[in-house]
Amino acid sequence: MEQVWILLLSSVMLFMVPGVQAQVSVNRTGCGLTKLCLETPDDCDPSGNSSCLFGSVAAGPHMPPNGVNLSFELSGQSFGYVALGLTVNATVGSTRFFICGKRNETFFFRTMSRNNTNEMLTAEITTAVDVQGALSGDVIRCLFTVGGLNATALRSSHSTTFSVLLGRGNVTDGGVGPLTVVLSSDPLDLTNPGSNVNTTATPPTTSGAGGAPHAHAGLLLLLGFLALGLLPTL
Ligand SMILES: *[C@@H]1O[C@H](CO)[C@@H](O)[C@H](O)[C@H]1NC(C)=O
Ligand SMILES: *[C@@H]1O[C@H](CO)[C@@H](O)[C@H](O)[C@H]1NC(C)=O
Ligand SMILES: *[C@@H]1O[C@H](CO)[C@@H](O)[C@H](O)[C@H]1NC(C)=O
Ligand SMILES: *[C@@H]1O[C@H](CO)[C@@H](O)[C@H](O)[C@H]1NC(C)=O
Ligand SMILES: *[C@@H]1O[C@H](CO)[C@@H](O)[C@H](O)[C@H]1NC(C)=O
Ligand SMILES: *[C@@H]1O[C@H](CO)[C@@H](O)[C@H](O)[C@H]1NC(C)=O
Ligand SMILES: *[C@@H]1O[C@H](CO)[C@@H](O)[C@H](O)[C@H]1NC(C)=O
Ligand SMILES: *[C@@H]1O[C@H](CO)[C@@H](O)[C@H](O)[C@H]1NC(C)=O
Ligand SMILES: *[C@@H]1O[C@H](CO)[C@@H](O)[C@H](O)[C@H]1NC(C)=O
């Protein structure tokens, strides 16, 4: 028996509100073409294998003046929570983690910032909307969108390249327990769904060489916002 929640929220950091029934399907359809996929073990399919820890990100259309939205999918087995993180450099600075978990068999979503040096997690307010979560046995699946940023955030954007981290952890009485990172990608251009796929023609992309021209300008706005939170020096 599967339980599903939809949470329609913005600018909140902890959601535990049961909502409307809906489908939450996470699978490999579109990997490398419409969405950038990361998973462990390699090439596992989250729809067919509960031991698969899977995350994806897709950039939406750019619609000025509202910027672009990044749509995430996350699926994996955990007694507590699964997490997807974005960071400029996984060994310095901080990582913004989006966490989907269960407490008392109820889905929750929250955002945490991890100090990459000492691995301390602190709660963080962020803009995430259209959060959907499903619990099925020990498997937690969720979808969420981050974005809707405007040009105000442009000032500090330089890069569309981030390392993506996947991990899991347990839920404690007080909140979320320590995070175990099980996958840490090389820096990837999030504008390019194929940036972690080997092709003979495409060398590794650098900042500004994304594959989606329409989304690109807006993504810079959005990532400028993300970078604000990720780079203490900005
Ligand atoms: C794969 O996921 C997409 C998006 O959630 C969904 O629309 C589609 O039906 C899924 N495909 C399969 C085969 O489950
Ligand atoms: C799930 O993935 C694991 C690790 O790759 C593999 O050993 C196992 O056979 C897979 N199970 C199924 C049902 O595909
Ligand atoms: C971003 O998401 C918000 C909330 O779902 C939506 O209102 C807005 O139209 C989206 N913007 C774009 C550019 O897709
Ligand atoms: C991350 O930062 C460390 C220390 O500054 C540096 O040695 C390393 O090259 C950086 N890694 C990347 C991918 O930039
Ligand atoms: C689960 O619910 C029970 C009863 O409402 C409560 O006593 C307990 O503290 C809850 N556990 C957690 C981890 O929230
Ligand atoms: C991260 O932790 C290190 C070591 O405790 C500390 O020196 C540094 O100031 C912390 N960084 C942030 C951004 O809190
Ligand atoms: C842009 O974002 C800033 C800060 O969030 C907000 O104050 C401003 O009203 C927004 N402008 C537009 C045109 O949405
Ligand atoms: C969560 O708790 C279980 C049982 O206490 C333990 O086996 C597991 O290693 C923990 N997982 C993490 C990621 O800490
Ligand atoms: C790309 O191919 C090289 C050589 O076969 C391999 O070492 C590397 O792991 C591959 N990278 C990806 C992302 O598949």
Side-chain angles (χ1 to χ4, degrees), residues 13 36 38-41 44 46 49-55 57 74-126 133 135-142 156-192 195-198 202-210 223-234:
M13 73 185 184
L36 172 61
L38 292 140
E39 70 286 309
T40 181
C44 67
N49 193 328
S50 65
S51 67
C52 184
L53 181 58
F54 176 92
V57 55
L74 178 59
S75 172
Q77 194 167 39
S78 177
F79 299 117
Y81 66 88
V82 290
L84 182 150
L86 298 179
T87 186
V88 172
N89 182 328
T91 62
V92 297
S94 60
T95 304
R96 173 168 295 175
F97 276 101
F98 303 96
I99 288 176
C100 295
K102 63 176 170 180
R103 180 189 295 280
N104 267 349
E105 297 306 314
T106 302
F107 174 77
F108 70 89
F109 178 86
R110 69 191 305 180
T111 305
M112 306 285 280
S113 176
R114 185 189 74 161
N115 180 329
N116 290 336
T117 309
N118 63 11
E119 302 192 354
M120 288 285 290
L121 292 171
T122 48
E124 181 179 71
I125 296 175
T126 193
L135 306 178
S136 179
D138 284 338
V139 178
I140 300 167
R141 291 194 304 259
C142 61
S156 60
S157 63
H158 335 52
S159 172
T160 61
T161 299
F162 288 86
S163 293
V164 182
L165 278 58
L166 295 177
R168 27 167 97 86
N170 286 329
V171 170
T172 64
D173 288 342
V176 300
L179 171 67
T180 303
V181 171
V182 295
L183 182 146
S184 180
S185 80
D186 290 334
L188 298 172
D189 184 349
L190 299 187
T191 64
N192 177 6
S195 61
N196 63 340
V197 177
N198 268 337
T202 314
T205 52
T206 53
S207 171
L223 293 171
F225 163 74
L226 288 170
L228 276 175
L230 295 163
L231 288 170
T233 52
L234 287 177

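Each ligand, and each atom within it, is numbered from 1 in the order the structure gives. None of these values were measured; they are calculated from a predicted model.
- Counting only distance, with no hydrogens or angles, the side chain of S185 and the backbone of V164 share a donor-acceptor pair below 3.5 Å.
- When hydrogens are left out, the protein atom nearest atom 13 (C) of ligand 4 is P187 CG, 3.9 Å; that is the closest non-hydrogen contact.
- Put simply, CZ on R96 and OG1 on T87 are 11.0 Å apart, with the number rounded to the nearest 0.5 Å.
- For atom 14 (O) of ligand 4, the nearest non-hydrogen atom of the protein is N89 ND2, 3.4 Å.
- Distance remark: protein heavy atom not present below 4.0 angstrom from atom 5 (O) of ligand 8.
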Practice task
Tell me, with the steps shown, if L179 and M112 meet side-chain contact (heavy atoms from CB on, under 4.5 Å).
Solution key: CA-CA 11 Å; L179 171 67; M112 306 285 280; over 6 Å; no
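- Summary of contacts: the protein heavy atom closest to atom 11 (N) of ligand 8 is N170 ND2, 3.1 Å.
- Applying the 4.0 Å criterion to heavy atoms of T91 picks out, from ligand 4, the atoms 1 (C), 2 (O), 3 (C).
- The structure places CG of L74 at 8.5 Å from CD1 of I140, a figure rounded to the nearest 0.5 Å.
- In this structure, atom 2 (O) of ligand 4 has protein heavy atoms in its sub-4.0 angstrom surroundings.
- Residue G169 has at least one heavy-atom neighbour below 4.0 Å for each of these atoms of ligand 8: 13 (C).
- Proximity of atom 9 (O) of ligand 8 to the protein is not indicated, since no non-hydrogen protein atom lies closer than 4.0 angstrom.
- The CZ atom of F54 lies 9.5 Å from the CG atom of L166; values are rounded to the nearest 0.5 Å.
- For the atom pair CZ of R141 and OG of S50, the computed distance is 11.0 Å after rounding to the nearest 0.5 Å.
- Short contacts between ligand 8 and T180, defined as distances under 4.0 Å to a heavy atom of the residue, involve ligand atoms 13 (C).
- Of the possible donor and acceptor atoms, none in the side chain of N116 sits under 3.5 Å from a partner among the backbone N and O of T91.
- Taking only nitrogen or oxygen atoms, main chain and side chain alike, N115 reaches within less than 3.5 Å of ligand 6.
- In this structure, the separation between SG on C100 and CZ on F107 is 4.0 Å, given to the nearest 0.5 Å.
- Each of the following atoms of ligand 8 lies closer than 4.0 Å to a heavy atom of R168: 13 (C).
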